[in-house]
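Okay, structure first, notes after.
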Amino acid sequence: MAKVLEGPGMRLLSKWGMAVPHYVVITDATQLDNLAQANPWLRESKLVVKAHEAIGGRMKLGLVKVGLDLAEAQVAAFEMLGKEVSDVKISQVIISEMVAHDEEYYVAVKSTRDGAELLLASMGGIEVEANWEKVQKLEIPLGVDPKLSEVEALAKSAGFNDDLLPKVAEFSVKLFQCYDQEDGNYLEINPLVIKASTGELTALDAVTMVDGDARFRHPDWNFNFASEFGRPYSDNEKAILDIDTRVKGSVKFIEIPGGDTALLPAGGGASVYYSDAVLALGGTLANYSEYSGDPPDWAVEALTEKVCSLKGIKRIIVGGAIANFTNVKKTFSGIINGFRKAKSDGKLEGVSIWVRRGGPFEKEGLAAMKVLENEGFDIHVYDRYTPLTDIVDYAIKGGVQ
Amino acid sequence: MSIITNKETRVVIQGGPAGVNAAKRMAEFCHLSQIPFNLCAFVFPPSAGKTNEIPFGSTLVSVPIFKTVKEATKEFPEINTSLIYIAPNRALAGTMEALGDPNIQLISMITEGLPEKDAKKLRIEAEKLGKVFNGPSSIGIISAGESRLGVVGGSYDNLMLCKLHRQGSFGVITKSGGLSNEIMWICSQFADGITTAIGIGGDTYPGSDFVTYLEKFEKDPQTKVVVMVGEMGGDLEEKAAAWYAEKERRIKLIAVVSGYCQEELPKGMKFGHAGAKEGLHGEGSARSKAEALTKAGAIVPDTFGGLGPVIKAAYDDILAQGGLPLIPEEDIATRQLPKTIEEAIKDGDVFAEPLLKSSICDDRGEEPLYSGYAASELIDKGYEIPHVIGLLWDKRLVTPVEAEIIKRIVILSADHGPCVSGALVTIIAACAGISMAQAVAAGMIMIGPRFGGAVTGAGQWFSYAVKNKMSVDDFLSHMKKNVGPVPGIGHRVKSLRNPDKRVKALISYVKSTGIPTPHLDFALSVEERTTAKKDTLILNVDGTMAAILVDLGFPIDALNGFFILSRTIGLIGHWIDQKREESRLVRLFRYLANYTSTKRREVPPLD
């Protein structure tokens with residue numbers, strides 16, 4: 001599942017024949033001068049200016065401004081661009097027309113185990129969540145196109161009537177086509193409105209989630225995926241993401257400022273058990289990380305350096321189950337290099353390191369890790385005979401070694 | 001007994017190098033379990049028609065590679081299982097091919113990053129056909145002692161530690177590959193091991209889920225307990241709980257769930273597996289899964305660490321109820337994989353007589369050692385080519401004076417123009433379009449008694465004379481009687497009146513160093529005598545080099561090497577020169593050949 005920002009999201013809707021408000025995405029406020037010459041709507045409509053970044057709660061942060069004329073919009077864009085909001089620099093702004101409308105509606109398509117679910121409601125905005133039981137749902141099995149008559153019946157049961165009903169049904173079918181053809185995971189239009197000036201159903205705001213794994217069959221996806229946790233990726237996270245896309249296996253790194261326990265575990269499954277164990281024992285997480293699929297040692301080394309650079313950490317958990325094919329000796333050599341580098345850079349002061357691992361070349365890997373005991377590291381190395389998450393107990397409670 | 005895969009399983013692997021690696025691991029398992037290798041074929045169009053060689057015990061098995069699944073199952077109708085190791089963009093088509101084959105009943109996919117839509121399509125198709133589609137992102141399936149599909153189980157040591165050569169009583173279903181291994185290990189430490197372990201993969205919509213396999217385990221009398229490892233997201237654990245609660249079940253269910261951390265982590269964060277998402281306090285969260293499972297009667301330890309004791313308790317229960325005979329443990333130490341020759345030598349198990357001996361250079365470490373000295377250290381400490389020559393030709397570090405003499409010898413013998421036989425041949429070869437190594441080698445073939453090859457001969461006889469304290473007269477008569485012309489004496493163009501400046505310069509430098517030069521002195525006395533007879537019987541460059549190098553202590557057999565080494569510089573230069581100048585093919589003018597053969601005559605009839 002991968003999130004697509006508003007700009008490229010709008011473009012996907014528009015590609016499949018759905019009307020969207022006029023919009024432009026800019027990186028420099030002065031670009032608006034030329035854009036306004038080419039696009040009369042920028043001069044003629046009231047405008048909305050939003051930070052075009054994956055930041056949650058933009059309204060509260062003052063990163064959404066509505067009802068502006070061109071000059072005001074330019075000022076708003078100028079103020080937003082380059083602003084630092086919770087460690088993130090805003091680099092793009094989206095400016096769209098304000099669409100005058102009366103009623104608001106809701107339509108969405110969601111991936112399910114057997115196909116998809118079309119959701120429709122004759123109310124929009126925050127009304128939808130408040131009246132979730134009124135949302136009408138239609139199961140659409142995989143490989144089957146929804147029949148217009150079925151969608152019309154759905155629209156009818158959602159409370160649409162008269163002229164509007166066939167229009168909403170047609171729009172819903174288009175949204176489904178977009179979902180189906182673009183490998184969507186979740187497409188939600190809220191609100192869907194009738195644009196007063198044209199009488200056309202228009203997607204005023206949308207959530208666009210597509211299947212990132214399907215990128216190989218969508219050469220026109222010329223956008224990067226946005227983060228999904230309410231803030232854009234930091235530079236450190238981007239650096240690891242970049243490595244992740246280039247190497248065999250995977251390396252993952254998400255920072256959680258303020259935590260006291262850093263994670264450097266192996267395996268998508270084990271990493272979550274380690275996270276659980278830290279929290280269960282009263283620790284706080286400084287990051288989520290994992291490496292798996294026998295990634296090259298240099299990738300693990302880069303990940304280790306990022307983990308060692310986390311501020312305020314007291315301990316690092318280098319945990320892992322018994323690997324199937326990840327070479328413990330090689331991946332550990334990456335971690336060891338990372339630790340040595342971090343230490344020579346003056347990091348890891350007062351940080352204890354807790355290691356548990358098994359798998360191919362486990363003896364060699366653990367022995368190499370143990371050498372760090374003699375190099376002034378506060379490191380504790382355990383093998384397969386210590387249960388998976390017991391090192392977290394030792395690390396947080398202290399004592400047993 | 002086991003589920004899904006057993007001794008009857010016969011496998012085709014679809015895919016390239018990752019599939020070959022899996023095949024090797026599978027062969028190791030068959031070796032441990034003392035069963036026939038269960039892999040019949042590969043399907044990998046780029047290599048169709050070839051074979052992959054898979055080590056099996058101490059032999060190599062050639063496994064044929066086909067272009068299509070159909071061809072593979074036609075050749076091997078016993079194939080009933082396919083493992084998918086195909087990249088995500090081609091995995092759908094490849095798997096559909098396997099599903100469409102009537103012989104194949106089970107497909108397990110290791111491919112990670114398969115689009116969700118493709119995974120759904122495959123599951124629906126498999127359901128329609130009544131086949132099992134496991135994965136995507138599955139580490140594999142293993143039935144202890146019977147069948148291993150994929151790399152599940154890890155390294156050979158781990159297979160032995162986890163007692164995977166024989167059946168236990170615990171079924172295992174996990175999403176995570178690493179944790180499947182961990183659970184097998186726990187089951188063998190705290191109980192009697194596993195029957196079958198299945199990795200269903202961490203994707204959102206796995207082809208087969210917990211319920212698929214719980215139903216099969218329920219019907220397998222050998223399996224007494226099933227250990228299930230889930231994670232947050234989706235509703236697979238809730239479905240498993242509903243299945244377990246539905247009626248009285250024969251199998252005991254132990255389940256552990258992860259993702260409690262999600263309550264405290266930023267919402268929307270992605271975990272290692274695609275399927276690990278959504279859910280917070282509601283459906284799909286770790287808490288709701290754990291609650292549903294507990295309610296259904298499953299044993300749900302609070303943490304992963306709690307699994308060991310719970311598994312032990314379940315095993316003790318079965319034993320107490322007398323439901324299970326203790327499995328007598330066989331000695332499997334003898335089933336170690338055959339060692340490679342290197343390992344056996346290292347462990348002192350065998351003695352292998354070496355085929356050859358090297359006393360100058362050892363390349364077994366990080367970098368080559370020249371007579372014990374690391375090349376990089378020699379460079380760092382300022383040593384030069386003469387020192388390397390000393391180390392590799394005479395196994396010693398030469399002194400600064402010796403190094404200087406060697407350097408001068410190399411410089412003065414590096415080339416002697418295009419007309420001498422060596423250079424001429426190299427040039428002719430270069431003009432004929434022959435590549436450098438061959439053209440230079442052709443030039444070197446010319447080095448012999450008449451060109452450059454007299455150094456060793458001269459050294460040998462000067463050394464013989466000095467060793468036997470011969471007078472110049474005795475020496476010359478000995479040579480005349482037994483050998484012939486003295487090697488190193490005489491020149492085609494140079495003479496006493498037209499001396500070879502290179503020789504004069506070299507001699508005067510060597511003399512100036514003050515080192516003892518008995519051989520050079522002897523050679524000069526010989527020259528004094530021979531030039532008295534004939535002006536051109538001077539000590540030539542070969543003879544001078546030879547006498548000096550013997551004085552420096554170089555072994556006789558090494559002496560020609562100085563000329564060969566030096567002249568190679570020139571020969572390479574001539575080859576490059578011809579290339580650079582784009583020379584044309586050289587053909588001798590007819591007037592330069594003296595034709596003396598018989599005039600044309602009639603060929604007599606054969607017979």
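Throughout, protein chains are lettered first and strands after them, A, B, ... in sequence-line order, and every chain is numbered starting at 1. These values consider heavy atoms only, across backbone and side chains, with no hydrogens, waters or symmetry-generated copies.
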Heavy-atom pair of closest approach, residues Y273(A) and V256(B): OH-O, 3.1 Å

Could you tell me if the side chain of R113(A) sits less than 4.5 Å from the side chain of D209(B), heavy atoms only? yes

Turns out that what part of R123(B) lies under 4.5 Å from chain A's heavy atoms comes down to side chain

Between OG of S155(B) and CD1 of I322(A), what distance do you get to the nearest 0.5 Å? 9.0 Å

Out of curiosity, L142(A) CG to E125(B) CD, how far, rounded to the nearest 0.5 Å? 11.0 Å

Taking the side chain as everything from C-beta on, heavy atoms only, tell me whether R217(A) gets closer than 4.5 Å to D118(B). yes

So, taking the atom named CZ in F304(B) and the one named CG in D276(A), what distance separates them when rounded to the nearest 0.5 Å? 11.5 Å

Between I124(B) and D114(A), what is the shortest heavy-atom contact and its length? CD1-O, 4.0 Å

Could you tell me if S111(A) and K117(B) have a donor-acceptor pair between their side chains, going purely by distance under 3.5 Å? no

When the 4.5 angstrom heavy-atom criterion is applied to I186(B) and chain A, the contacting part is neither

Do N158(B) and R384(A) meet the criterion of a side-chain donor-acceptor pair at a distance under 3.5 Å? yes

Is it true that R356(A) and E182(B) make a salt bridge, defined as a side-chain N closer than 4.0 Å to a carboxylate O? yes

